[in-house]
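Protein chains get the first letters and strands the later ones, always in sequence-line order, with residue 1 at the start of each. In this text, all values refer to a predicted model and were calculated from it rather than measured experimentally.
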Amino acid sequence: MKKYRLSRTFFARPTLLVAKELLGKFLVRKIDNKKVAVMITEVEAYCGERDLASHARFGPTPRSKIMWGLAGRAYVYMIYGMYFCLNVVTEKNRKAGAVLIRGVQGVNGPGKLCRKFKIDKKFNGEDVVKSKKLWIEDRGLKIGPGQIKRLPRVGIDYAGKYKDKLWRFVLSR
DNA sequence: ACGATGATGAAC
DNA sequence: TTCATCATCGTA
């Protein structure tokens with residue numbers, strides 16, 4: 001089965017759609033000339049500056065402005081002083097959006113994922129469309145609607161009416 | 001249930 | 001400059 005690296009046009013689409021379609025794709029990380037590739041099993045969508053759960057809710061700040069930028073770049077930030085979270089920027093026409101990669105096969109949780117894949121602040125801004133160190137591949141796996149569970153997002157109780165939105169997508173075997 | 005641990009954004 | 005908060009995780 002041919003492997004296709006996901007292109008700019010894949011990411012430059014509505015955030016919810018990109019989030020859903022990232023399930024079953026493979027996160028690929030090259031470390032010391034060795035490739036690690038694991039299937040993405042859990043994601044969360046952060047949609048625009050109106051989304052009160054998103055870092056974009058304060059408008060473009062030094063940290064979050066990348067969410068308004070080119071789709072397909074990584075948004076990596078430190079959380080709770082000890083973990084990193086990996087997101088990929090989505091949308092076009094300078095609309096804010098990103099998808100948090102919450103889990104891959106065998107690794108649950110965005111913090112552990114970044115630790116395992118050695119993804120830190122240096123990867124903030126990395127262009128996942130062009131990078132030689134981090135990208136996402138379509139390996140031909142087809143995911144049916146019945147395999148996707150929709151759940152509320154984690155750790156965003158403060159987000160008012162946005163906290164119950166089913167913008168977390170989990171792949172169930 | 002809670003502490004580790006530091007970046008972030010808001011308020012002053 | 002200070003302060004509360006936080007898209008987490010491991011231990012309990």
Side-chain angles (χ1 to χ4, degrees), chain A residues 6 10-27 29 31 36 38-91 94-128 131 134-136 148-172:
Chain A
L6 297 185
F10 177 92
F11 297 106
R13 295 182 299 154
T15 306
L16 288 171
L17 186 61
V18 174
K20 255 182 288 193
E21 294 195 6
L22 277 175
L23 293 177
K25 302 296 190 288
F26 284 75
L27 184 66
R29 172 82 170 91
I31 307 171
V36 189
V38 190
M39 191 177 67
I40 295 170
T41 54
E42 183 172 352
V43 298
E44 282 178 5
Y46 289 86
C47 306
E49 37 195 311
R50 313 274 293 280
D51 178 0
L52 296 177
S54 173
H55 292 169
R57 68 190 182 280
F58 301 119
T61 65
R63 176 174 69 161
S64 69
K65 63 183 182 209
I66 189 168
M67 294 182 74
W68 281 259
L70 187 63
R73 291 202 308 199
Y75 170 36
V76 180
Y77 60 88
M78 169 160 273
I79 188 76
Y80 302 116
M82 30 174 58
Y83 295 103
F84 292 98
C85 289
L86 169 66
N87 301 246
V88 185
V89 174
T90 57
E91 301 285 350
R94 306 193 64 75
K95 189 167 145 39
V99 175
L100 169 67
I101 314 292
R102 272 199 79 79
V104 297
Q105 206 160 46
V107 186
N108 300 316
K112 288 198 291 188
L113 186 156
C114 284
R115 204 173 43 185
K116 176 176 159 87
F117 279 78
K118 293 195 176 8
I119 293 166
D120 60 17
K121 206 69 210 276
K122 293 197 294 289
F123 280 81
N124 190 37
E126 185 88 0
D127 188 352
V128 168
S131 173
L134 179 69
W135 64 94
I136 302 177
I148 299 178
K149 268 192 297 200
R150 299 192 57 154
L151 299 164
R153 293 172 292 178
V154 172
I156 52 143
D157 283 351
Y158 57 85
K161 65 176 179 179
Y162 284 87
K163 86 177 164 68
D164 299 315
K165 297 234 178 265
L166 302 178
W167 287 353
R168 173 181 170 211
F169 302 92
V170 180
L171 192 58
S172 53

Report which part of the nucleic acid A:Lys163 touches: base, sugar-phosphate, or nothing (heavy-atom distance under 4.0 Å, all strands).
nothing
Rounded to whole Å, CG of A:Asn124 lies from C1' of B:dT8 at a distance of 13 Å
Do side-chain atoms of A:Asn87 reach the backbone of A:Tyr75 as a donor and acceptor pair under 3.5 angstrom?
yes
Could you state the atom-to-atom distance from CE of A:Met67 to P of B:dT8 in whole Å?
15 Å
Among C:dC9, B:dG9, C:dA7, which nucleotide sits nearest the side chain of A:Ile156?
C:dA7
Please work out if A:Gly111 contacts a base, only the sugar-phosphate, or nothing of the nucleic acid, heavy-atom cut-off 4.0 Å.
sugar-phosphate
Rounded to the Å, how far apart are A:Ile79 CD1 and C:dT5 P?
14 Å
Between A:Arg57 and A:Arg115, the residue closer to the 5' end of DNA chain C by nearest nucleotide is A:Arg57
Atom CG of A:Leu52 to atom C1' of C:dC6: distance rounded to whole Å?
15 Å
Measure CE/A:Met78 against P/B:dT8 and give the value in whole Å, please.
9 Å
Is there, by distance only and without an angle test, a donor paired with an acceptor across the side chain of A:Tyr77 and the base of C:dA7 below 3.5 Å?
yes
So what does A:Arg63 hit on the nucleic acid, given a heavy-atom distance under 4.0 Å: a base, only sugar-phosphate, or nothing?
sugar-phosphate
Specify the separation, in whole Å, of atom CZ of A:Arg168 and atom P of C:dA7.
15 Å
Where the side chain of A:Tyr80 is concerned, which of B:dG6, B:dG9, C:dC6 is the nearest nucleotide?
C:dC6
Whole angstrom is fine here: how far is it from NE2 in A:His55 over to C1' in C:dT8?
12 Å
